[in-house]
Amino acid sequence: FVSHHGNFSLLVHPNTGCEYEDHSIWAQWSGSPWNMDMSIFTPWTQTEEFGQSVGTPHNPSCLAQGGVCAFGDPSAPGYGPQVLCCSGSACQCDAGASECFCR
């Protein structure tokens with residue numbers, strides 16, 4: 001993954017339930033890092049998401065339909081989904097749009 005990621009970016013992180021730290025100081029990027037909206041996480045707080053399905057009330061780390069899952073300059077390197085959409089939806093970007101939505 002490190003040497004042969006091509007145009008892709010990959011975030012590898014532990015799943016301790018401390019989502020802020022899992023996605024920041026304990027994470028490792030291969031390729032260009034993406035801008036991430038870390039405001040959805042609370043530093044040094046372990047959630048109940050470990051062992052839960054994405055999109056359940058105990059897993060707050062995803063966006064419901066209509067949520068903004070990517071933002072910024074679509075022509076920038078590494079542009080793409082920045083937040084996970086809840087089960088049953090996917091991050092979709094309209095051509096040239098500066099925001100993408102869970103649909």
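The structure displayed is predicted, hence computed values, not measured ones.
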SG proximity flag Cys102/Cys69, limit 2.5 angstrom: no
The criterion is side chain to side chain contact (heavy atoms under 4.5 Å, CB included); which residues satisfy it with [X], sequence neighbours excluded?
X: Leu10; result: Phe1, Val12, Ser30
X: Phe101; result: Val68, Glu99, Arg103
X: Ala97; result: Asp94
X: Thr45; result: Thr42

To the nearest 0.5 Å, tell me how far [X] [atom1] sits from [Y] [atom2].
X: Ile40; Y: Tyr20; atom1: CD1; atom2: OH; result: 12.0 Å
X: Phe41; Y: His23; atom1: CZ; atom2: NE2; result: 4.5 Å
X: Met38; Y: Glu21; atom1: CE; atom2: CD; result: 8.0 Å

Any pair counted as salt bridge (charged side-chain N to carboxylate O under 4.0 Å, His left out), so long as it reaches residues 29-46, sequence neighbours left out: none
Atom CD of Gln92: over 12 foreign heavy atoms under 6.0 Å: yes
Side-chain touch Cys18/Trp44, heavy atoms, less than 4.5 angstrom: no
By ring pair (Phe, Tyr, Trp, His ring centres under 6.0 Å) - contacts of His5 (at least two apart): none
Closest non-hydrogen atom pair between Ala27 and Leu11, with its separation: CB-CD1, 3.5 Å
